[in-house]
**Student:** 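Please read through the structure below; I'll follow up with questions.
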Amino acid sequence: GAVQGPAPPPREGCSWAFDPKTAKLIMFGGWANDWLDDLYMLDVSGIVGPPYAVQGLVPNEGPMTGKTEISIRGLQFYKAKIVVKFTDGRNEEVSER
């Protein structure tokens, strides 16, 4: 969706925070020829990725024919069902855990 409301005026030295539960970027205060005490929030849920992250694959490459067992290392995989899809653009293989 479109961003609603006025944009914050230019400033420096403001404080930033990100709330992962609501996916909001929060900006407070700063300096613009005077100290500011305003607060702005931007919903970035449409551009922020999922709460998990892939950190590595072992092995990190294999034959084009596939059928090689791999281990996927990452963050917060335990919180949900894991579905991994492999494709060559024509064929797809799905693995679930």
Side-chain angles (χ1 to χ4, degrees):
V3 175
Q4 297 178 1
R11 66 195 61 216
E12 61 183 50
C14 60
S15 296
W16 290 91
F18 176 71
D19 181 359
K21 289 188 180 208
T22 62
K24 290 204 175 16
L25 190 59
I26 303 162
M27 181 182 74
F28 174 75
W31 177 261
N33 295 324
D34 196 5
W35 288 109
L36 303 169
D37 63 354
D38 52 356
L39 178 75
Y40 287 86
M41 290 190 294
L42 178 63
D43 182 351
V44 292
S45 61
I47 59 172
V48 173
Y52 56 85
V54 174
Q55 293 181 312
L57 302 171
V58 176
N60 62 2
E61 59 184 51
M64 289 296 292
T65 57
K67 306 301 181 198
T68 300
E69 185 173 310
I70 65 169
S71 294
I72 302 173
R73 292 185 308 108
L75 300 174
Q76 299 186 18
F77 286 157
Y78 59 88
K79 292 186 177 183
K81 179 175 89 169
I82 299 170
V83 177
V84 179
K85 295 181 181 181
F86 300 91
T87 182
D88 64 1
R90 295 177 304 215
N91 303 300
E92 184 176 278
E93 186 75 29
V94 177
S95 178
E96 295 185 35
R97 184 183 80 135

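It should be emphasised that the depicted structure is a prediction, and the values quoted were computed from it without experimental measurement. Start at 1 with the first residue, then count along the sequence.
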**Student:** Would you say that more than 12 heavy atoms from the other residues, nucleotides or ligands in this model lie under 6.0 Å from the CD of Glu92, or not?
**Tutor:** yes

**Student:** Rounded at 0.5 Å granularity, tell me how far CE in Met41 sits from CG in Asp19.
**Tutor:** 9.0 Å

**Student:** With rounding to the nearest 0.5 angstrom, report the CZ to CG distance, Arg11 to Asp34.
**Tutor:** 11.5 Å

**Student:** If you draw a 6.0 Å radius around CD in Gln55, do more than 12 non-hydrogen atoms from other residues or ligands fall strictly inside?
**Tutor:** yes

**Student:** Closer than 3.5 angstrom, by distance alone: can the side chain of Arg73 be matched with the main-chain N or O of Ser71 as a donor-acceptor pair?
**Tutor:** no

**Student:** Do Ile82 and Leu57 sit in one hydrophobic cluster, given that two such residues count as connected whenever their side-chain heavy atoms are within less than 4.5 Å of each other, even indirectly?
**Tutor:** yes

**Student:** Against Val84, only a single residue in Val94, Ile70, Ile72 fulfils side-chain contact (heavy atoms from CB on, under 4.5 Å); can you say which?
**Tutor:** Ile72

**Student:** Should Tyr40 and Trp16 be counted in the same cluster of Ile, Leu, Val, Met, Phe, Trp and Tyr side chains packed under 4.5 Å apart?
**Tutor:** yes

**Student:** Please determine whether residues Val54 and Phe86 belong to a single hydrophobic cluster, defined as Ile, Leu, Val, Met, Phe, Trp and Tyr linked transitively by side-chain heavy-atom distances below 4.5 Å.
**Tutor:** yes

**Student:** Could you check whether any side-chain heavy atom of Pro8 comes within less than 4.5 Å of a side-chain heavy atom of Asp38, counting everything from C-beta outward?
**Tutor:** no

**Student:** Restricting to non-hydrogen atoms, name the atom on Gly29 and the atom on Cys14 that form the minimum distance, rounded to 0.1 Å.
**Tutor:** O-CB, 3.1 Å

**Student:** Ile26, Leu42: one ILVMFWY side-chain cluster at the under-4.5 Å cut-off?
**Tutor:** no

**Student:** I'd like to know if Met27 and Phe18 are part of one continuous hydrophobic network [Ile/Leu/Val/Met/Phe/Trp/Tyr, side-chain heavy atoms within less than 4.5 Å].
**Tutor:** yes

